Amino acid sequence: MNHVTVTLPDGSTKQVESGAPAKAVAEAISPRLADAALAAVVGDRMVDLGYPLTQDAPVRIVTNKSPEALELYRHSTAHLLAAAVTNLFPRVQCGIGPPIDDGFFYDFVVERPFVPEDLQAIEAKMKELASQDLPYQRQMWPRQEAIDFFTKRGEPLKVQLIEEKAAGQAEVSVYTIKDKDTFVDFCVGPHVPSTSKLKAFKLTTTSNAYWKGDAKNQPMQRVYGTAFFSQKELDEHLTRLEEAKKRDHRKVGRELGLFTFHPWAPGAGFWLGKGTTLYNTLADYMRGRLNSAGYDEVKTPIVYNKALWELSGHWSHYRENMFLVQSADGDEMGLKAMNCPGQYLLFASEKHSYKEMPIRYAEQTPLHRNEASGVLAGLTRVRQFSQDDGHCFVMEDQIASEVEALLRLIQGIYADFGLSYSAKLSTRPEKFIGEVATWDHAEASLKQALEKAGQDYWINAGDGAFYGPKIDFDITDAIGRKWQCGTIQLDYVAPERFQLEYVGADNAVHRPIVIHRAIFGSLERFIAILIEHFAGAFPLWLAPVQAIVLPIADRHQDYARDVVATLEAAGLKVELDDRQEKVNYKIREAQLQKIPYMLVVGDREAADRAVAVRSRAKGDLGARALDQFLSDALAEVRSKALS
RNA sequence: GCCGAUGUAGCUCAGUUGGCAGAGCGCGUCCUUGGUAAGGACGAGGUCACCGGUUCAAUCCCGGUCAUCGGCUCCA
């Protein structure tokens with residue numbers, strides 16, 4: 001009998017019969033492992049437990065503790081979904097069904113769209129199939145046989161997939177789940193050994209999608225679901241979704257009176273007083289930060305002749321996303337979707353010396369992008385917004401130090417909001433402009449800057465812009481969602497197009513390099529993120545109303561106004577609730593408005609020039625002298641304390 | 001833009017199998033002057049998103065438009 005030797009992750013070896021399934025390795029280790037096994041990794045390839053071992057190799061058993069297990073598990077759940085749908089709707093055609101970040105989906109061609117009751121029925125059928133302990137059987141079929149099979153079954157999409165994905169292969173891999181019907185899917189796998197391994201899943205939503213994600217192709221019904229190893233984890237996930245719903249900035253923004261929308265200005269926010277205060281707080285904070293970092297705030301026009309957009313390249317590549325208007329003379333004009341071209345014109349309006357470099361422009365003027373109506377979403381995807389935009393014009397040997405300074409600035413700014421984040425470096429793509437040597441130097445400069453700034457990062461190879469490499473920042477909010485906000489992009493192309501120049505020490509003319517950079521990204525979107533991150537309970541330094549004064553009875557109104565005036569004079573944002581309501585009532589409202597401090601004033605406080613402080617987070621803190629409260633609050637604002 | 005769902009008072013939502021439009025909160029007036037999460041009474045507030053069709057009659061049925069929401073990137 002032939003044997004093969006497998007090497008386990010701890011370095012030990014086991015002998016199994018040649019051709020024995022991968023599962024035999026798990027069995028040889030322990031019955032418990034054999035029971036927990038979902039798949040195996042042989043060499044560097046993940047395979048089914050039934051995969052025959054025919055040569056010596058490193059082998060690792062995949063259980064639900066393994067990093068790749070959840071994807072595998074969800075992929076198998078997607079197959080279970082397809083099996084259930086095929087069972088309930090025999091005339092359905094199946095598309096593809098991959099795992100995704102939060103679960104999985106499967107696309108189908110159906111006679112009518114799915115309704116919520118269908119989802120319930122499908123989920124019930126999935127549970128039934130799961131309880132039947134049906135094996136996922138992998139078979140290799142001759143390619144033509146598979147094509148014939150799917151043709152006969154009325155699944156032209158599967159046939160198309162086989163023809164594309166398995167071009168030139170003699171055999172293709174199919175998986176079957178044998179129920180009363182047999183569900184057969186063309187799939188490379190691997191899969192869990194049996195439907196009984198799938199313990200906790202839920203179908204979440206249904207939507208339209210297109211075959212291969214292209215609107216020109218056949219429309220399909222997509223069913224989304226999610227799956228976890230245990231009911232507990234699934235429940236936690238569903239709770240997180242609930243939490244996200246509660247924090248939705250559109251809901252909170254309305255409740256807190258920050259902004260609203262109107263059908264006549266789709267994709268553009270109307271900012272109420274408090275929202276404008278919040279907006280200005282952020283805008284001014286960024287102004288201060290950038291000013292200290294050596295930026296000049298500038299303002300460039302919003303409407304430009306199309307000549308500019310032709311020069312910048314937007315006319316040919318971006319026109320459908322621009323709002324176009326006509327001047328009184330009939331000239332075609334376009335509203336800017338980005339600040340860059342205007343700033344280049346500004347830069348080129350003066351002669352520059354190397355002694356001025358780097359030159360840094362910051363700008364917050366409004367931008368307009370004519371986004372398709374279907375993609376608009378609250379403040380996160382709008383047609384009118386402002387960026388904390390900026391461009392640094394640098395000399396080649398200034399890239400590393402400029403980027404390093406920028407990285408430190410970004411670190412400090414995100415820290416002020418208590419946001420954690422990750423950085424990714426995107427390098428030269430396949431389609432690029434310029435010299436490889438220039439790219440190599442640019443990428444090396446970025447890496448050097450990242451390392452000197454002590455910034456952890458990961459490399460996203462080949463994902464840079466065609467005009468230069470970039471660093472992007474994904475922030476993680478309080479409930480674990482990631483949002484891309486900041487960016488640092490090197491640009492070698494724009495200075496060329498706009499013939500930007502500076503005079504060097506050698507008295508010759510040189511081209512600067514442009515660094516596009518933003519930290520919040522869009523102010524509107526960043527505010528939406530902050531609302532959801534803090535669930536509307538902003539730290540004192542950001543809160544649009546920092547304190548509210550609550551007089552107990554009418555005779556305390558004069559003193560209450562005095563308190564408001566004193567605090568406002570010192571720069572705090574204070575409101576007065578002088579309605580004829582009881583304190584309990586006023587407190588409830590202020591609490592729901594998430595106002596950080598409620599200052600109750602009655603006879604005792606008026607007599608002592610004091611305020612009874614109630615903290616939004618900590619409740620009644622007792623009375624303290626007005627001056628004391630004021631200096632404490634100012635210190636809290638200055639320190640940008642987060643709670 | 002495409003697919004689906006939704007659109008009733010400022011907000012959250014009932015409702016009408018086609019026959020005068022409802023609640024709670026909020027808002028206004030009055031009473032109450034109250035000490036850490038909702039005091040009471042009365043009242044105002046609606047072109048049932050918009051345009052058209054069917055009908056004796058449309059908020060309801062049909063068609064169109066607009067907006068909002070969920071998707072439209074994840075590759076066997």
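Numbers restart at 1 for each chain; the letters A, B, ... are given by sequence-line order, proteins then strands. Not measured: the values here are computed from a predicted model.
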Give each protein N/O atom lying under 3.5 Å from an N/O atom of nucleotides 42-49 of chain B, with the pair distance.
none

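For A/Val583, the side-chain atoms get nearest to B/rG35 when compared with the rest of B/rC72, B/rG35, B/rA37. Looking at the side chain of A/Ser207, the nearest of the listed nucleotides B/rG1, B/rG70, B/rG26 is B/rG70. For A/Gln580, the side-chain atoms get nearest to B/rU33 when compared with the rest of B/rU33, B/rC72, B/rU12.
Side-chain nitrogen and oxygen atoms of A/Tyr585 include at least one within less than 4.0 Å of the OP1 or OP2 phosphate oxygen of B/rG26. Residue A/Arg604 places none of its side-chain N or O atoms closer than 4.0 Å to OP1 or OP2 of B/rG35. Considering only side-chain N and O atoms, A/Arg250 lies under 4.0 angstrom from the phosphate OP1 or OP2 of B/rG70.
B/rU55 and B/rA49 are spaced 23 Å apart, taking the C1' atom of each and rounding to whole Å. When the C1' atom is compared between B/rG53 and B/rC13, the two are found 30 Å apart, to the nearest whole Å. As rounded to the nearest Å, B/rG26 and B/rA9 have C1' atoms that lie 11 Å from one another. Here, B/rA37 and B/rC25 have their C1' atoms 15 Å apart, quoted to the whole Å. Nucleotides B/rG7 and B/rG15, compared at atom C1', are 15 Å apart to the nearest Å. Distance noted for atom C1' between B/rC3 and B/rU59: 27 Å (whole Å). When the C1' atom is compared between B/rU16 and B/rA57, the two are found 14 Å apart, to the nearest whole Å. Across the C1' atoms, B/rU47 and B/rC60 are found 16 Å apart, a figure rounded to whole Å.
Side-chain N/O atoms of A/Arg614 and base N/O atoms of B/rA37 include a donor-acceptor pair closer than 3.5 Å.
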Stepwise salt bridge (charged side-chain N to carboxylate O under 4.0 Å, His left out) test for A/Arg143 and A/Glu171: CA-CA 5 Å; A/Arg143 189 160 163 277; A/Glu171 290 191 317; over 6 Å; no
Chi angles and distances behind the salt bridge (charged side-chain N to carboxylate O under 4.0 Å, His left out) call for A/Lys470, A/Asp463: CA-CA 9 Å; A/Lys470 61 176 181 176; A/Asp463 204 41; 5.1 Å; no
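At a cut-off of 3.5 Å, with distance as the only test, no side-chain donor of A/Asp474 or A/Gln484 sits close to an acceptor on the other residue.
With a cut-off of 3.5 Å on both pairing distances, the Watson-Crick or G-U wobble partner of B/rG63 is B/rC51. Pair check for B/rA23 finds B/rU12; Watson-Crick or G-U wobble, both atom distances under 3.5 Å. Across all strands shown, B/rG28 forms a Watson-Crick or G-U wobble pair with B/rC42, both key distances being under 3.5 Å.
For the pair A/Phe105 and A/Ile100, the minimum side-chain heavy-atom distance is below 4.5 Å. Contact of the A/Arg383 side chain with the A/Arg369 side chain is not registered, since no non-hydrogen atoms from C-beta on lie closer than 4.5 Å.
Within the nucleic acid shown, A/Lys586 has no heavy atom closer than 4.0 Å to any nucleic acid atom. When heavy atoms are screened at a 4.0 angstrom cut-off, A/Ile587 is found touching base atoms of the nucleic acid. No contact: A/Glu371 has no heavy atom under 4.0 Å from any strand. Nucleic acid contact class of A/Leu376 (heavy atoms, under 4.0 Å, all strands): sugar-phosphate only.
Base orientation of B/rC20: syn, since the glycosidic angle falls within 90° of 0.
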